[in-house]
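This is a predicted model, so every value here is computed, not measured. Just follow the structure's listing: the first ligand is 1, and inside any ligand the first atom is 1. All heavy atoms count here, side chains included; hydrogens, waters and symmetry mates do not.
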Amino acid sequence: MPLLSWGSLFETKITEIDNQHKKLVELLNQVHDAVQNKKGKEIMNKALTDLVSYTKTHFATEEKYMTQYNYPDLAKHKKEHEDLAKKVADFQQKYAKSSDDPLLVQELSIFLKSWLTNHIVGTDKKYAPFLISKGLK
Ligand code: FEO
């Protein structure tokens, strides 16, 4: 069973962003699946690395559009992205020092589920009408 399911609640109605968010949900579910099914260190590390890497790509996409169109809340939004990146980097350090404790990864995936849900619904959806008014679709 997936940790997080995509639903209309998450839609920004900007195709590229919605597709990236769907991919993030899919990658998060892959991390969860690796933990649940005890798939081992290598697969778990790969799932985690894929999620972290795609998150960076996604944040860069959003920040590019918000910068391009002078979105008034860019700084606040960027700060949320930076705070998450720092938390995940701290986690990765902690994980590297542990003996690949799957419970740590489980803890992170539950945190990310909540972060992603709150951020998409509470923060990303705020820029959607603004960017759509600038011609994004
Ligand atoms: Fe979709 Fe601001 O991250």
Side-chain angles (χ1 to χ4, degrees):
M1 199 175 138
L3 181 64
L4 183 59
S5 299
W6 178 262
S8 56
L9 178 71
F10 294 113
E11 281 177 1
T12 62
K13 307 283 186 199
I14 300 169
T15 308
E16 184 181 3
I17 300 294
D18 285 339
N19 286 341
Q20 290 190 348
H21 284 155
K22 279 180 195 164
K23 176 90 178 164
L24 283 175
V25 169
E26 186 188 315
L27 291 170
L28 175 62
N29 285 328
Q30 280 176 16
V31 171
H32 177 68
D33 179 68
V35 176
Q36 291 300 301
N37 295 301
K38 299 181 175 60
K39 290 199 172 165
K41 182 180 151 186
E42 233 173 82
I43 291 181
M44 193 141 73
N45 273 333
K46 162 109 178 51
L48 206 51
T49 306
D50 287 350
L51 175 62
V52 170
S53 159
Y54 197 75
T55 302
K56 286 181 189 160
T57 302
H58 169 62
F59 287 174
T61 302
E62 284 187 351
E63 288 170 19
K64 175 188 76 178
Y65 289 130
M66 288 189 282
T67 304
Q68 186 178 342
Y69 296 108
N70 293 315
Y71 178 57
D73 270 344
L74 168 68
K76 202 171 146 209
H77 197 130
K78 230 174 148 177
K79 174 86 169 57
E80 282 192 31
H81 288 171
E82 284 162 6
D83 288 348
L84 178 79
K86 188 177 178 322
K87 270 199 182 116
V88 173
D90 289 349
F91 165 84
Q92 283 187 304
Q93 267 191 351
K94 197 166 140 191
Y95 182 60
K97 283 181 198 157
S98 79
S99 47
D100 300 304
D101 182 358
L103 285 177
L104 268 181
V105 183
Q106 189 174 29
E107 196 184 300
L108 178 75
S109 49
I110 289 166
F111 164 76
L112 287 176
K113 173 190 175 180
S114 154
W115 189 90
L116 206 55
T117 303
N118 291 329
H119 183 79
I120 295 175
V121 176
T123 303
D124 288 348
K125 283 184 79 165
K126 284 186 187 154
Y127 68 55
F130 177 84
L131 291 181
I132 288 170
S133 79
K134 302 291 178 189
L136 282 196
K137 46 185 152 177

**Asked** Under 30°, 30 to 60°, or over 60°: which ring-plane class applies to His81 and His119, parallel, tilted or perpendicular?
**Response** tilted
**Message:** What do you get for the angle at atom 2 (Fe) of ligand 1 between OE1 on Glu62 and NE2 on His119, to the nearest 10 degrees?
**Reply:** 170°
**Proximal heteroatom of His58 relative to atom 1 (Fe) of ligand 1 (N/O/S)** = NE2
**Complete:** Of Lys79, Lys87, Lys86, the one forming a side-chain hydrogen bond (donor to acceptor under 3.5 Å, both in side chains) with Asp83 is Lys79
**Message:** With a cut-off of 2.8 Å, does His21 put an N/O/S atom close enough to atom 1 (Fe) of ligand 1?
**Reply:** yes
**Short side-chain to backbone donor-acceptor contact, Asn37 and Lys39, under 3.5 Å** = no
**Asked** When the ring planes of His21 and His58 are compared, do they come out parallel, tilted or perpendicular, using 30° and 60° as the limits?
**Response** perpendicular
**Item:** Name of the Asp124 atom (N/O/S only) found closest to atom 1 (Fe) of ligand 1
**Value:** OD2
